[in-house]
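Heads up, the thing below is written out as structure tokens.
Keep in mind that what you see is a predicted model, and the values were worked out from it rather than measured.
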Amino acid sequence: MALPRLGDLVDVVSEADDYATQVSQLVSPRMFRRIFKPRLQAVFTRIHELAPRAKLFFHSDGSIRPILPDSLRLASTS
């Protein structure tokens, strides 16, 4: 992983995954909160530890409205 060596030079880190289709989610909000959210939190926290000045760009396609508040909280607590 390059981030431990280049963390001071990185401006933006991009993380992306699809949690929904255009019409519905691929996993329920409950499953997202139980399985994916803790792992994303760990990844985002580690990114900020290694590149504290970098902005995090998180992208997911589709209809993620039911988990959008969770996604925003992940961004604000990392």
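Between Ser63 and Ser24, the closest heavy-atom pair is CB-N, 4.2 Å. Across all their heavy atoms, Pro29 and Pro66 have their closest contact at CG-CB, 3.8 Å.
No side-chain heavy atom of Asp17 sits under 4.5 Å from any side-chain heavy atom of Ser60. For the pair Ile64 and Gln25, the minimum side-chain heavy-atom distance is 4.5 Å or more. Residues Phe32 and Leu40 meet the side-chain proximity criterion, which asks for heavy atoms closer than 4.5 Å.
Follow the hydrophobic side-chain contacts under 4.5 Å out from Phe57 and you never reach Leu6; the two are in separate clusters. Linking ILVMFWY residues whenever their side-chain heavy atoms come closer than 4.5 Å, directly or via other members, places Phe36 and Leu68 in the same cluster.
Just one residue in the list Leu3, Thr45, Val13 forms a side-chain contact (heavy atoms from CB on, under 4.5 Å) with Leu50, and that residue is Leu3.
Of the possible polar contacts, none joining the Arg53 side chain to the Val10 backbone as a donor-acceptor pair under 3.5 Å is found. When atom types are taken as modelled, the side chain of Asp61 and the backbone of Asp18 share no donor-acceptor pair closer than 3.5 angstrom.
Distance check: Arg34 CZ to Arg39 CZ gives 9.5 Å after rounding to the nearest 0.5 Å. Taking NZ of Lys55 as the reference point, atom NE2 of His48 lies at 8.5 Å (rounded to 0.5 Å). Distance check: Gln41 CD to Asp70 CG gives 11.0 Å after rounding to the nearest 0.5 Å.
Using the six-membered ring where Trp is involved, Tyr19 and Phe58 have ring planes that are tilted, between 30° and 60° apart.
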> Does the pair Ile47 and Leu56 meet the rule for a side-chain contact (heavy atoms from CB on, under 4.5 Å), with working shown?
Replying inline: CA-CA 8 Å; Ile47 288 169; Leu56 181 61; 4.0 Å; yes

